[in-house]
2 protein chains.
Amino acid sequence: MKISNKLKSVGLKVTPQRRVVYEVMQKICHGSIDEIIGIVRSQNPDITISTIYRIMDSFCQAGLLSKFVGNNGKVIYDITVKEHHHIFTSGEEIIDIEDEWLSEIIREHVLLKIPENEAIDRISVYISTKNKENGKEKIDIDKRSSDSG
Amino acid sequence: MKISNKLKSVGLKVTPQRRVVYEVMQKICHGSIDEIIGIVRSQNPDITISTIYRIMDSFCQAGLLSKFVGNNGKVIYDITVKEHHHIFTSGEEIIDIEDEWLSEIIREHVLLKIPENEAIDRISVYISTKNKENGKEKIDIDKRSSDSG
DNA sequence: GTGTCTGCAAAGAATTTGCAAAGAC
DNA sequence: GTCTTTGCAAATTCTTTGCAGACAC
């Protein structure tokens, strides 16, 4: 779908700034606000930071984007709206897992732990991976064998 | 274990401020920095915010606490250090799921999606629940006075 | 007594807001 | 023409930092 139609379809007016931001999101799929600001402004330096913040908000409100909190605690905006899971690699890459069966397995597995009057709303799985090579050399940090001196 | 011994066992000096913070964490198990600041200062208003930030950091570094990013994007400090999962209820309650089998099932299930040179480091499952009753909107409680339950 | 921890206040970073002009429809 | 969006700069919020005195050991 053309971007302008995509925007209109969720009730948003089409502006050049919104076009650029959505184009960038289509390209990168996931990104933190810093990354998005960087890429957007590399394409159009006239777009201000506050405008980008506002656009990200309106896109999320309109259901055009979703967001979640990444490994590092930063909010990640995501072009995929439907429920899915994520792998965070050591190279800061984010891989989507769209697997309804996985959600279903988890749902069944934890059902007994849900309070009586509550129902599962959303399940998110975050998987962090590390590099195998570096993993071999991983050392226990903070291993204090004796007092300082 | 006595708090002072707990602190000493990880190489931290025992101060009144650290005692209070650890006591609070033992009581609440999970909390955001705001909540922790609030409770700590209700018990001892002389403890400053910057000190509490520094104590939370040193506790995490020492392996006394873990932290993760909650539903709302805020960092949650957690008295449980070993890998586990969480349910976030509509009432802002956080329930721990310590279930190694669940982690194992997920691990096996996603193995094929992990890049060649990467290995799974950590798996976190976040489950949000909503109130069954409040499917539509919140109801005024005093419409009919009834006993709690 | 020595080295670490705390309180204070200020700095720094990240995000939001008010307002007037520009722009979309 | 009307209502929304944008740019700008200031405000706000959250967290960190430097330093001097207090404190733990």
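Quick caveat, the model's predicted, so the values are computed rather than measured. As a basis for the values below, the full set of heavy atoms in this structure was taken, side chains included, without hydrogen atoms, waters or symmetry mates. Proteins get letters first, then strands, A, B, ... in listed order; numbering begins at 1 in each.
Using a 4.0 Å heavy-atom criterion, one finds that B:R18 contacts the sugar-phosphate atoms exclusively. Residue A:I55 is in sugar-phosphate contact alone, with no base atom involved, counting any heavy-atom pair closer than 4.0 Å across all strands shown. Using a 4.0 Å heavy-atom criterion, one finds that B:I47 contacts the sugar-phosphate atoms exclusively. Here B:T48 lies in heavy-atom contact (under 4.0 Å) with a base. Among the atoms of the strands shown, only primed sugar atoms or phosphate atoms (P, OP1, OP2) are found under 4.0 Å from some heavy atom of A:D46. Residue contacts for B:S50: at a heavy-atom cut-off of 4.0 Å it reaches a base atom on one of the strands shown.
Closest heavy-atom contact between B:L7 and B:L64: CD2-CD2, 3.6 Å.
Listed pair A:Q17 / C:dG23 fails the phosphate criterion, with no side-chain N or O lying under 4.0 Å from OP1 or OP2.
Spacing between atom NZ of A:K67 and atom P of C:dT15 amounts to 10 Å, rounded to whole angstrom units. Here D:dT5 presents its P atom at 15 Å from CZ of A:R19, a figure rounded to the nearest Å. The separation between B:I33 atom CD1 and D:dT15 atom P is 7 Å, rounded to whole Å. What separates CG of A:D34 from P of C:dA13 is a distance of 13 Å, to the nearest Å. Put simply, NZ on A:K13 is 13 Å from C1' on D:dT6, counting in whole angstrom units. As rounded to whole Å, 16 Å separates atom P of C:dA13 from atom OH of B:Y53. Rounded to whole Å, the distance from CE on A:M56 to C1' on D:dT5 is 16 Å. If you measure from atom CG of B:D57 to atom P of D:dC14, you get 17 Å, rounded to the nearest angstrom.
Partners of B:K6 according to the salt bridge (Lys or Arg N to Asp or Glu O under 4.0 Å) rule, which considers only residues two or more places apart in sequence or in another chain, do not exist here.
Of the two residues near DNA chain D, B:P16 and B:R54, the one whose nearest nucleotide lies more 5' is B:R54.
Closest to the side chain of B:T51, out of D:dC8, C:dT6, D:dC25, is C:dT6.
Note: A:F68 and A:H86 meet the aromatic proximity criterion, with ring centroids under 6.0 Å apart.
With salt bridges taken as basic N to acidic carboxylate O contacts below 4.0 Å, none links B:K113 and B:E118.
For the residue pair A:D99 and B:H109, a side-chain donor N or O sits within less than 3.5 Å of a side-chain acceptor on the partner.
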